[in-house]
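In what follows, a single structure is set out as structure tokens and then discussed.
Keep in mind the model is a prediction, meaning the values are calculated, not measured. Each chain gets a letter, A, B and so on, in the order the sequences are listed, and its residues count up from 1.
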Protein chains: 2
Amino acid sequence: MEEDDFTLCVLNNARKAARAVSRHYDRLARQAGMTAGQFSVLVAIRQTTEETTGELADRLSMDRTTLVRNVALLERKGLVASSMSSESRGKCYRLTDKGRTLLEDALPLWRKAQGDVMSHLGEADFLRTISALKKLSDL
Amino acid sequence: MEEDDFTLCVLNNARKAARAVSRHYDRLARQAGMTAGQFSVLVAIRQTTEETTGELADRLSMDRTTLVRNVALLERKGLVASSMSSESRGKCYRLTDKGRTLLEDALPLWRKAQGDVMSHLGEADFLRTISALKKLSDL
DNA sequence: ACTTTTAGTGTGTATATGCACACTACTGAA
DNA sequence: TTCAGTAGTGTGCATATACACACTAAAAGT
């Protein structure tokens with residue numbers, strides 16, 4: 001029967017995994033003067049051309065208002081600049097030079113973190129894990 | 001060569017997945033008057049016999065101080081009670097009757113959430129995903 | 001023209017997360 | 001017996017997360 005096996009709780013396992021991963025990347029990111037979350041947003045903005053805040057938030061599976069505050073922080077730090085988009089009445093964001101440089105500094109640390117996970121999981125499981133996470137994201 | 005493919009960023013994907021899953025479970029949990037995170041901690045405490053705060057935190061891959069505040073909140077809500085352990089100089093936690101009842105109320109919602117994920121992933125992928133998440137947790 | 005819909009913006013409040021730090025009390029060795 | 005180590009506790013600060021709510025302005029219907 002096996003009802004209510006909490007070792008199979010997706011919530012628990014997903015949060016535990018995210019906390020563990022975040023901690024690992026965070027410790028490295030701090031060496032470059034930012035948090036892991038900030039790194040994620042910077043990367044997302046770098047890939048952006050003309051995305052509205054809501055679209056960017058969707059791409060990160062993040063609440064729009066969460067992103068607003070994250071980006072506001074990055075603007076205060078001088079890493080990101082915003083302006084109104086010509087079409088589509090939305091804001092758009094871009095990295096400042098400082099932001100681009102900082103991201104460049106953080107890249108070797110990111111590569112190390114990725115390598116750490118890779119060697120922890122093994123190459124085959126690494127790709128399977130990524131794809132499992134992606135599938136969960138569009139729940 | 002394919003250097004620096006951020007679609008393979010473990011941090012990004014893990015956080016995205018956790019946000020998506022948390023949101024889903026959270027919306028259901030709120031119907032029972034708690035958050036998804038509180039549900040997780042309540043479940044963990046229910047399984048506890050004589051665990052110190054640090055051990056409980058480890059089991060959740062959560063920082064000890066984060067857990068302290070989560071539990072303090074649950075105590076204020078009257079769902080959890082704490083006392084000093086006889087051996088091992090640590091605190092130990094237990095559900096109050098109110099906590100046990102609330103958890104009971106939340107169970108059908110939890111089962112629905114698990115079912116939603118199950119049907120989103122398919123049964124085989126479900127188990128593979130859980131095991132991938134577990135592996136990430138002890139990074 | 002004006003009013004409604006709609007696509008976008010931001011703020012208030014509550015919770016979650018973790019690092020740095022400080023505190024307390026057993027435990028054991030000089 | 002005092003004192004260093006250690007296993008535990010909690011707080012200050014900064015950030016992250018999301019829901020409810022309120023606001024603004026473009027688009028579109030009448």
Side-chain angles (χ1 to χ4, degrees), chain A residues 11-12 14-31 33-42 50-58 60-77 79 82-93, chain B residues 11-12 14-31 33-42 50-58 60-77 79 82-93:
Chain A
L11 176 70
N12 246 305
R15 288 170 76 102
K16 274 179 62 171
R19 279 192 293 262
V21 170
S22 290
R23 257 201 311 278
H24 190 73
Y25 281 72
D26 218 51
R27 283 170 184 160
L28 290 168
R30 280 178 201 281
Q31 294 176 27
M34 66 178 109
T35 69
Q38 289 165 7
F39 176 80
S40 280
V41 175
L42 289 176
E50 280 273 317
E51 250 176 350
T52 177
T53 314
E55 288 162 351
L56 186 55
D58 280 349
L60 289 162
S61 297
M62 185 185 286
D63 189 88
R64 184 188 52 79
T65 65
T66 302
L67 182 63
V68 165
R69 291 170 223 242
N70 286 351
V71 172
L73 182 62
L74 294 173
E75 278 192 82
R76 283 201 297 282
K77 283 181 140 194
L79 304 175
S82 64
S83 54
M84 295 310 286
S85 164
S86 31
E87 70 270 29
S88 86
R89 32 177 154 154
K91 262 194 185 178
C92 58
Y93 306 103
Chain B
L11 176 70
N12 247 305
R15 287 169 76 103
K16 274 178 62 172
R19 278 191 294 261
V21 169
S22 290
R23 257 200 311 277
H24 189 74
Y25 281 70
D26 219 51
R27 282 169 186 162
L28 289 168
R30 280 177 201 281
Q31 294 177 26
M34 65 177 113
T35 68
Q38 289 165 8
F39 176 80
S40 279
V41 175
L42 289 176
E50 280 273 316
E51 250 177 348
T52 176
T53 314
E55 287 162 352
L56 187 55
D58 281 349
L60 290 162
S61 298
M62 183 184 287
D63 189 87
R64 183 187 52 79
T65 65
T66 301
L67 182 62
V68 164
R69 290 169 225 242
N70 286 350
V71 172
L73 182 62
L74 294 173
E75 279 192 80
R76 282 201 298 282
K77 283 181 140 193
L79 305 175
S82 64
S83 54
M84 295 310 286
S85 163
S86 31
E87 70 270 28
S88 84
R89 29 176 158 156
K91 263 193 183 177
C92 57
Y93 305 104

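Taking the side chain of Thr52(A) as heavy atoms from C-beta on, and the options dT9(C), dA20(D), dT17(C), the nearest nucleotide is dT9(C). Comparing dG18(C), dA16(D), dA18(D) by their closest approach to the side chain of Arg23(A) singles out dG18(C). Of all nucleotides listed (dA18(D), dC19(D), dT9(D)), dC19(D) comes nearest to the side chain of Arg27(B). For Gln38(A), taking side-chain heavy atoms from C-beta onward, the closest of the listed nucleotides dT15(D), dA16(C), dT17(D) is dT15(D). Counting only heavy atoms from C-beta on, Asn70(B) has its side chain closest to dA16(C) among dT17(D), dA20(D), dA16(C). With distances taken from any side-chain atom of Arg69(A) to the nucleotides dT17(D), dA16(C), dC19(C), the minimum falls on dT17(D). Side-chain atoms of Leu73(A) lie closest to dT15(D) of the nucleotides dT15(D), dC19(C), dT11(C). The listed nucleotides are dT15(D), dT15(C), dT11(D); the one nearest the side chain of Thr35(B) is dT15(C).
Rounded to a whole Å, the CD atom of Glu51(A) is 11 Å from the P atom of dT9(C). Distance Lys16(B) NZ to dA16(D) P: 18 Å, rounded to the nearest Å. In this structure, Asp63(B) places its CG atom 6 Å from P of dC19(C), rounding to the nearest Å. Rounded to whole angstrom, the span from the CG atom of Leu56(A) across to the P atom of dA7(C) amounts to 19 Å. In this structure, CE of Met62(B) is placed 8 Å from C1' of dT17(C), rounded to the nearest angstrom. Taking atom CG on Leu11(B) and atom P on dT17(C), their separation rounds to 15 Å, with Å as the unit. In this structure, CZ of Arg76(B) is placed 13 Å from P of dG10(D), rounded to the nearest angstrom. Note: OH (Tyr25(B)) to P (dA16(C)) measures 17 Å, nearest angstrom.
When each of Asp26(B) and Lys77(A) is assigned the nucleotide of DNA chain D with its nearest heavy atom, Lys77(A) is the one assigned upstream, toward the 5' end. Residue whose closest nucleotide on DNA chain D sits further toward the 5' end, between Arg19(B) and Glu55(B): Glu55(B). The 5' end of DNA chain C is approached more closely, in terms of each residue's nearest nucleotide, by Thr53(A) than by the other of Arg15(A) and Thr53(A).
Contact annotation: Thr65(B) does not reach the phosphate of dG10(D) (side-chain N/O to OP1 or OP2, under 4.0 Å). For the OP1/OP2 pair of dA16(C) and a distance below 4.0 Å, the side-chain nitrogens and oxygens of Thr66(B) include no atom meeting the criterion.
Distance alone, capped at 3.5 Å, places no donor-acceptor pair between the Thr66(B) side chain and the Met62(B) backbone. In terms of modelled atom types and a separation under 3.5 Å, the side chain of Glu55(B) and the main chain of Thr52(B) share a donor-acceptor contact. When atom types are taken as modelled, the side chain of Asp26(A) and the backbone of Thr35(A) share no donor-acceptor pair closer than 3.5 angstrom. In this structure, Arg30(B) contributes its side chain and Ala36(B) its backbone to no donor-acceptor pair below 3.5 Å.
Within the nucleic acid shown, Ser22(B) has no heavy atom closer than 4.0 Å to any nucleic acid atom. Among the heavy atoms of the strands lying under 4.0 Å from Arg64(B) is at least one base atom, whether or not backbone atoms are also near.
Counted by atom type alone, Arg15(A) and Ser40(B) present zero donor-acceptor pairs between their side chains at under 3.5 Å.
The two residues Ala57(A) and Arg64(A) make their nearest non-hydrogen contact at CB-CA, 3.7 Å.
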